[in-house]
There are 2 protein chains.
Amino acid sequence: MSRTARECSIANALAVVGERWSLLALREVMLGARRFDQIVENTGASRDILAARLRSLVAAGVLEKRQYSEHPPRHEYLATEAGRALQPVLLGLMDWGDRYVTAGPPPTVWRHSCGAELRPRCVCASCGEQVEANGVTPVRLGDVRPVTDVRPTG
Amino acid sequence: MSRTARECSIANALAVVGERWSLLALREVMLGARRFDQIVENTGASRDILAARLRSLVAAGVLEKRQYSEHPPRHEYLATEAGRALQPVLLGLMDWGDRYVTAGPPPTVWRHSCGAELRPRCVCASCGEQVEANGVTPVRLGDVRPVTDVRPTG
DNA sequence: GGTGGTAAGTTTGATTTTCGGACGTACCGT
DNA sequence: ACGGTACGTCCGAAAATCAAACTTACCACC
């Protein structure tokens, strides 16, 4: 594994949702595709990898697995509060992808409860101003320290 | 590769910055660690993988590679406008990691230009209200279509 | 002019992960 | 009994990742 790394909540967050297919699986659950085969179809992940990802997301408390039929046994995946709290990350990625990667118009559009087409903005909770990269400065940094393993177990 | 997948800017964004170490490398550049050895030390990535990630981020227009010394030849990496535009994603991940993953106090703290400790919030650009997961509904979804390759070239 | 150090990678060979297709299990409908 | 659906697991092949050693290019000191 790695020798040293900065102690950092970005790294910690990515250890939980940063592996391939994890955020896309969460996206599907948020979009209402809650069943295994739908998530496979809509993400394009391999069945075994997706099963592993869903297991680890459930273990991390991001998703919840619920049985909605006993005969036959059928399950669905729901976002927990922690999972719903990732919405800003998904919306941020979508907005960035719309602007800098996707050619043509945004493939997916959301509506906010105010009635408008949702365009997410990142603002400072204190002053309400939009956060610009040059208006933000690190004031305390996590230490760089020896690590044995950066990655999630499982 | 995969058979089908949803056309989606989240997936497109992740094809550019979703591989392991990419966002952590960008984090380091944002924090002011612009040189190769610093990024290796602070992320914990292998040198060869990091070199590949930096190459692909430069190719995608997220980072820029600049020579700051000719003798000896030395280089640094800077965030482009597209790279700086990922700040909300990094802050969103950090905030989520602080809340749901990292034990104890936030390892890294930023200050906003207003003087306050930065706490990022995701709001609707139209009404300014904070975006809650249950206040957002998809109104148009990208098609699920056959794909040959979801991943970035390189 | 030889030794040591720094910076930015590249090479190497072993390990780990991912891939997609086939298979398994449990049930339902006809 | 046969076909279909849902939710995975298993398999061997292919690709990605790992850590350490090596390379190149320069500078500083003795």
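Computed from a prediction, not measured in an experiment: that's the story for all the values here. Below, chain A is the first sequence line, B the second, and so on; all start at residue 1.
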Does [X] belong to the same Ile/Leu/Val/Met/Phe/Trp/Tyr cluster as [Y], with side-chain heavy atoms less than 4.5 Å apart forming each link?
{"X": "B:V131", "Y": "A:V109", "result": "no"}
{"X": "A:V147", "Y": "A:V144", "result": "no"}
{"X": "B:W96", "Y": "A:V58", "result": "yes"}
{"X": "B:V123", "Y": "A:L86", "result": "no"}

Nearest-Å distance, [atom1] ([X]) to [atom2] ([N])?
{"X": "A:Q38", "N": "D:dG8", "atom1": "CD", "atom2": "P", "result": "13 Å"}
{"X": "A:R20", "N": "C:dC19", "atom1": "CZ", "atom2": "C1'", "result": "11 Å"}
{"X": "A:Q67", "N": "D:dG8", "atom1": "CD", "atom2": "P", "result": "11 Å"}
{"X": "B:R3", "N": "C:dC19", "atom1": "CZ", "atom2": "P", "result": "12 Å"}
{"X": "B:I49", "N": "D:dA20", "atom1": "CD1", "atom2": "P", "result": "15 Å"}
{"X": "A:E41", "N": "D:dG8", "atom1": "CD", "atom2": "P", "result": "17 Å"}
{"X": "A:E19", "N": "D:dT17", "atom1": "CD", "atom2": "P", "result": "11 Å"}
{"X": "B:Y68", "N": "C:dT6", "atom1": "OH", "atom2": "P", "result": "13 Å"}

Nearest heavy-atom neighbours spanning [X] and [Y]:
{"X": "B:W21", "Y": "B:T43", "answer": "CZ3-O, 3.3 Å"}
{"X": "A:A79", "Y": "A:R84", "answer": "O-NH1, 3.2 Å"}
{"X": "B:A82", "Y": "B:G61", "answer": "CB-O, 3.6 Å"}

Does a sphere of radius 6.0 Å around CD in A:E117 hold more than 12 heavy atoms from other residues, nucleotides or ligands, not counting ones at 6.0 Å or beyond? no
Could you pull out the protein-nucleic contacts involving nucleotides 28-30 of chain C (nitrogen or oxygen on both sides, under 3.5 Å)?
{"from": "C:dC28", "atom 1": "OP1", "to": "A:H71", "atom 2": "O", "distance (Å)": "3.3"}

Give me the one residue out of A:K65, A:R35, A:R66 that meets salt bridge (Lys or Arg N to Asp or Glu O under 4.0 Å) with A:E76. A:R66
Return no unless some side-chain N or O of B:W21 is found under 4.0 Å from OP1 or OP2 of D:dC18. yes
Kindly say if B:R74 contacts the phosphate of C:dA7, meaning a side-chain N or O under 4.0 Å from OP1 or OP2. no
Ignoring the backbone of B:P73, work out which of D:dC26, D:dC18, D:dA20 is nearest its side chain. D:dC26
For nucleotides 9-13 of chain C, print each protein N/O atom paired with a nucleotide N/O atom at under 3.5 Å, atom names and distance only.
{"from": "C:dG9", "atom 1": "OP1", "to": "B:K65", "atom 2": "NZ", "distance (Å)": "2.8"}
{"from": "C:dG9", "atom 1": "OP2", "to": "B:Y77", "atom 2": "OH", "distance (Å)": "2.9"}
{"from": "C:dG9", "atom 1": "N7", "to": "B:R47", "atom 2": "NE", "distance (Å)": "2.9"}
{"from": "C:dG9", "atom 1": "N7", "to": "B:R47", "atom 2": "NH2", "distance (Å)": "2.8"}
{"from": "C:dG9", "atom 1": "O6", "to": "B:R47", "atom 2": "NE", "distance (Å)": "3.3"}
{"from": "C:dT10", "atom 1": "OP2", "to": "B:R55", "atom 2": "NH1", "distance (Å)": "3.2"}

